[in-house]
Number of protein chains: 2
Amino acid sequence: MELEQKKVCLPEKSFPPGKIKIMNALSELMREKDFHSITTADIAATAGVTEGLIYKYFKDKKDLLYQVLNGHFQTFQHYITRKIAAQTASVDKLRIIIKTSLKSYAVNRVFARILLLEVRNSSNYFESDAYDMVKIYSRTILDIISQGIDAGEIREDVDPHALRQVILGSIEHACLGEVIFGKELDIDKVSENICNIIFKGVQK
Amino acid sequence: MELEQKKVCLPEKSFPPGKIKIMNALSELMREKDFHSITTADIAATAGVTEGLIYKYFKDKKDLLYQVLNGHFQTFQHYITRKIAAQTASVDKLRIIIKTSLKSYAVNRVFARILLLEVRNSSNYFESDAYDMVKIYSRTILDIISQGIDAGEIREDVDPHALRQVILGSIEHACLGEVIFGKELDIDKVSENICNIIFKGVQK
DNA sequence: TTATTTAGTGAGTAAAATTTACTTACTTTA
DNA sequence: TAAAGTAAGTAAATTTTACTCACTAAATAA
């Protein structure tokens, strides 16, 4: 397993120990509870620091969440970029993106939870560094699609934005059941099914 | 326009006026703010009632949210069932579901907001009446797919659950930008794009 | 008429998030 | 080497917010 759940998914150095402990504490607590039912007292106790310190390093509780997400996203981005580079055909790259994303979400459920369920409802997330990472990821997919069309692999009457939507939507929806209900996901099967539908179409 | 944004989307009668005012108030406030940053004081002030009354009619703040969602969902469900009935071919039914769902979300953004962003993070939503409506909607799609396979309209090597995932994921992801950033959505175009991809496939 | 339910109030409480004033220890620099 | 500044962390006060509870007024049923 290349992609394992690490305690800290951040540029650990340069961060003071207290900050790292706080971020790890939230990450740990999110395995059991949802963000809203985790209190700053919980976080401080788990981290072994005082509540005040949280506000030294984070604007507010949500800012802490965004920074934790950002850390996870760094790991994800590095991993997926390397995987994509190993492929040449656009369609294969998309296939890898689908499979690798599903796998990342499955392996790191806290990451999936935060990304799919916890941050999207507040508007200031979309100004956070974490969301910048999403934009990069999202942009990568769009570029691959465009290249695929140019290379003649993908039909030219396919709208790239629409295809990206379908891909991202499929990935995310496939993970929801897993993230919410903790169902096990057969990644190979699910990703193959999704690719089968999107690439070949469903109509006879 | 058949589907317009009504103030109240509930069996208004039988509900005491205060309850309706409270539900409308939340619905109204959710146009600007996310659920978590709306306080019970906000709701009460907007509704013109006291905070205490909220807890007369609702178990807690979340229960209020679920009931509001449920009201919106009733309208949605009726509308979509009627639309589907007008079609015979399974593929056309799916097309209608995609288009009508997109339209419902576009017309009623608060409904979309609540459904796609606000409720999924808390586990007790999945025991709520509102979620029962989702199950019915979701089940409908699965049945149509199965019928489509039986009727020979849809390839038999397509996994029905996977196809449903792709459809639901595509719809939801297409709405996200709209719900979050308030972007206008060209429903005809977007739904046509999605159908084009899913039905015909993207590969040359 | 009197009892009883129904709609609604308003003051309060406990828990949680955030702020503030402070200590301690480590660098830098004069 | 002493002074000055800063970074890490604390402890307690403050504010916000969801939620409770004992009460009133009015309508309805007996």
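Residue numbers start from 1 in every chain, and the chains themselves are labelled A, B, ... in the order their sequence lines are given, proteins ahead of strands. Being a predicted model, the structure only gives us computed values, none of them experimental.
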Does one side chain, of A/H36 or B/N121, offer a donor that lies under 3.5 Å from an acceptor on the other?
no
Could you give the [atom1]-to-[atom2] distance, from [X] to [N], as a whole number of Å?
| X | N | atom1 | atom2 | answer |
| --- | --- | --- | --- | --- |
| B/Y55 | C/dA11 | OH | C1' | 16 Å |
| A/I43 | C/dA17 | CD1 | P | 7 Å |
| A/D60 | C/dA16 | CG | P | 18 Å |
| A/L26 | C/dA17 | CG | P | 11 Å |
| B/K61 | D/dT16 | NZ | C1' | 12 Å |
| B/Y57 | D/dT20 | OH | C1' | 17 Å |
| B/F15 | C/dA7 | CZ | P | 11 Å |
| A/F58 | D/dA8 | CZ | P | 12 Å |

Would you call [X] and [Y] a salt bridge, using N to O less than 4.0 angstrom?
| X | Y | result |
| --- | --- | --- |
| B/R155 | B/D157 | yes |
| A/E178 | A/R113 | no |
| A/E192 | A/R95 | yes |
| B/E184 | B/R109 | yes |
| B/D188 | B/K99 | yes |

When you check the phosphate oxygens OP1 and OP2 of C/dA17, does a side-chain N or O of A/T40 lie under 4.0 Å from one of them?
yes
Tell me which nucleotide among C/dT19, D/dT17, C/dG8 gets nearest to the side chain of B/P17.
C/dG8
Below 3.5 Å is the cut-off: list the nitrogen or oxygen pairs between protein and nucleotides 10-13 of chain D, distance only.
{"from": "D/dT10", "atom 1": "OP2", "to": "A/T50", "atom 2": "N", "distance (Å)": "3.2"}
{"from": "D/dT10", "atom 1": "OP2", "to": "A/T50", "atom 2": "OG1", "distance (Å)": "3.2"}

